[in-house]
Amino acid sequence: MKQLLRAVKRCSVIAAVVLAAVSLQPAGASASPQPVVGGTRAAQGEFPFMVRLSMGCGGALYAKDIVLTAAHCVDGSGNNTSITATAGVVDLQSSSAIKVKSTKVLQAPGYNGAGKDWALIKLAKPIDLPTLKIATTTAYNNGDFNIAGWGAATGGGAQQRYLLKASVPFVSDADCQAAYGSDLVPGDEICAGLIDTGGVDTCQGDSGGPMFRKDNAGAWIQVGIVSWGKGCAEPGYPGVYSEVSTFAANIASAAATL
Ligand code: ARG
């Protein structure tokens with residue numbers, strides 16, 4: 001199971017690129033649109049910090065010129081001008097899309113496929129959009145979370161042209177471990193989903209995107225980074241997200257070096 005899940009994690013980015021290339025299609029084109037999996041279309045400007053990355057991942061604006069994404073979405077650390085970040089639109093084909101190239105990538109130090117699934121991408125110029133604050137304590141690692149992305153709307157499905165969103169409840173480490181056993185790294189990962197019924201989840205191509213909620217002041221706060229899961233939206237198998245509060249200090253100090 002472990003090898004399989006790791007393989008799924010590695011392959012999904014490549015699969016997402018291929019899917020994105022051959023089959024970008026409007027979410028509304030199918031008879032029953034199922035964004036993310038089991039979601040709906042986000043409104044223009046609803047989640048202004050959302051970023052689509054050209055390797056087929058999501059991300060969020062941590063700073064105006066830094067995107068927070070998943071370690072498994074990038075190849076390593078160093079100078080890198082190969083990634084394009086698209087922001088400011090729910091429709092990836094919109095003529096008002098803001099597109100900026102990367103200059104550097106910083107993959108979580110020590111990342112080896114188990115936990116530590118975060119990375120930063122430095123942009124060639126700042127994007128003038130609201131950033132998404134990250135959780136620095138565990139206070140918000142509970143309740144209902146928002147997820148959003150341009151990834152597949154069904155397991156193995158096409159990447160989406162329009163940003164899709166959904167809400168998923170927190171799943172405890174104990175319940176998540178019951179599903180995934182030792183593949184789960186509880187200190188590094190936070191789970192969310194409808195464990196009894198399935199039906200709502202992130203999926204391939206959503207990786208790197210944020211899982212977020214409102215804080216006590218009513219502002220958006222990022223608690224997770226889309227990381228992995230068995231299939232998508234399967235009953236008994238919640239989505240697994242990097243636990244942002246665990247890495248907040250590392251992320252901040254890493255960002256300061258970019
Ligand atoms: N690893 C996937 C990606 O690269 C994300 C999978 C999320 N899966 C889930 N069941 N929540 O896009």
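Basis for what follows: all heavy atoms, side chains included, without hydrogens, waters or symmetry-related copies. Computed from a prediction, not measured in an experiment: that's the story for all the values here. Every number for a ligand or one of its atoms is a count from 1 in the order of the listing.
The atoms of ligand 1 that sit less than 4.0 Å from any heavy atom of Asp206 are 12 (O). For ligand 1, the atoms closer than 4.0 angstrom to any heavy atom of Gly239 are 11 (N).
Note: Phe212 and Tyr140 fail the aromatic proximity criterion, with ring centroids not under 6.0 Å apart. The aromatic ring centroids of Trp150 and Tyr162 lie 6.0 Å or more from each other. Aromatic pair Trp228/Tyr180: ring centres closer than 6.0 Å.
In this structure, Gly231 has a heavy atom closer than 4.0 Å to ligand 1. For the ligand labelled ligand 1, residue Gly151 lies outside the 4.0 Å heavy-atom shell. Remark: distances from the non-hydrogen atoms of Glu234 to ligand 1 are all 4.0 Å or more. Residue contacts with ligand 1: Ser227 is included, with a non-hydrogen atom under 4.0 Å away.
Judged by distance alone, the side chains of Gln160 and Arg52 never bring a donor and an acceptor atom under 3.5 Å apart.
Ion pairing between Asp91 and Arg161 holds under the 4.0 Å rule for side-chain N and carboxylate O. The pair Arg213-Asp144 fails the salt-bridge criterion, with no side-chain N (NZ, NE, NH1 or NH2) lying under 4.0 Å from an Asp/Glu carboxylate O.
Residue Lys230 does not touch ligand 1, judged by heavy-atom distances below 4.0 Å. For Cys203, every heavy-atom contact with ligand 1 shorter than 4.0 Å involves the backbone, none the side chain.
Listed for the Thr246 side chain is a donor-acceptor partner under 3.5 Å among the backbone atoms of Gly187. A donor-acceptor pair is defined here as one N or O able to donate and one able to accept, closer than 3.5 Å; no such pair exists between the side chain of Asn80 and the backbone of Thr103.
Ligand 1 has an N or O atom lying under 3.5 Å from an N or O atom of Gly205, backbone or side chain. For the pair Asp201 and ligand 1, the shortest N or O to N or O distance falls below 3.5 Å. Taking any N or O of His72, backbone or side chain, at least one lies under 3.5 Å from an N or O belonging to ligand 1.
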